[in-house]
Amino acid sequence: MRRELPEFSDGRLDRVKVSFDEKAKWLVVRRGAVAVCCNLAGSAQRIALDGRSPQLLLASDQVRVGAESIELSAESVAIFTFTPSTVAR
């Protein structure tokens, strides 16, 4: 993936956006058309993705993908990409 997606090799931190909920224990790190979503909680939970329609690239466990959100299993991570028309600027 690092060779195919420039978002994984771009070292510029000003292009990174981070969202999190400390109480719910989730974290989303975005750069361009890629998002790494982490569920650090002990139970599955839904994470909204700002109205963007995600395409799953890789996941450590079960993931349910919706039109504007995902549901991650407990203590799991998933990597998504977004089509150019749905990438937030």
Side-chain angles (χ1 to χ4, degrees):
M1 267 193 284
R2 283 188 65 182
R3 291 185 182 134
E4 294 175 18
L5 297 170
E7 288 87 347
F8 287 119
S9 59
D10 179 358
R12 291 186 53 185
L13 295 178
D14 62 320
R15 295 182 179 173
V16 176
K17 295 184 180 185
V18 178
S19 305
F20 66 94
D21 185 321
E22 190 172 352
K23 186 174 181 179
K25 297 184 178 179
W26 61 260
L27 171 75
V28 177
V29 179
R30 298 182 190 140
R31 177 181 278 148
V34 175
V36 178
C37 305
C38 305
N39 178 9
L40 306 172
S43 59
Q45 65 180 314
R46 184 172 306 276
I47 300 172
L49 294 176
D50 299 333
R52 303 188 308 168
S53 183
Q55 290 86 45
L56 180 64
L57 293 177
L58 185 65
S60 65
D61 205 343
Q62 294 286 327
V63 178
R64 290 189 180 144
V65 180
E68 298 179 1
S69 66
I70 57 166
E71 185 175 322
L72 293 177
S73 299
E75 299 176 346
S76 65
V77 62
I79 301 172
F80 295 91
T81 189
F82 304 91
T83 59
S85 63
T86 61
V87 174
R89 298 193 189 269

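- Residue S73 comes nearest to N39 through the heavy atom pair O-ND2, 3.0 Å, listed as atom of the first residue, atom of the second, then distance.
- For the pair Q45 and A24, the tightest heavy-atom approach, listed with the atom from each and the gap, is NE2-O, 2.8 Å.
- W26 and V63 fall within a single hydrophobic cluster, where Ile, Leu, Val, Met, Phe, Trp and Tyr side chains are chained together by heavy-atom contacts under 4.5 Å.
- No donor-acceptor pair under 3.5 Å is formed between the side chain of S76 and the backbone N or O of S60.
- Note that the CD atom of Q62 and the CG atom of L72 stand 11.0 Å from one another [nearest 0.5 Å].
- With sequence neighbours left out, E75 forms a side-chain contact (heavy atoms from CB on, under 4.5 Å) with no residue at all.
- D21 contributes atom CG, which lies 11.0 Å from atom CG of L40 (distance to the nearest 0.5 angstrom).
- Rounded to the nearest 0.5 Å, atoms CG (L49) and CZ (F80) are 6.5 Å apart.
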After noting the C-alpha distance and the side-chain angles of C38 and F20, does the key distance pass the side chain to side chain contact (heavy atoms under 4.5 Å, CB included) rule?
CA-CA 9 Å; C38 305; F20 66 94; over 6 Å; no
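- Pairing each heavy atom of P54 with each of A67, the nearest pair is CD-O, 3.9 Å.
- Between E71 and A44, the shortest heavy-atom distance links the atoms OE2-CB, 4.0 Å.
- Of the options L56, V28, I47, a side chain to side chain contact (heavy atoms under 4.5 Å, CB included) to I70 is made by I47 and by none of the others.
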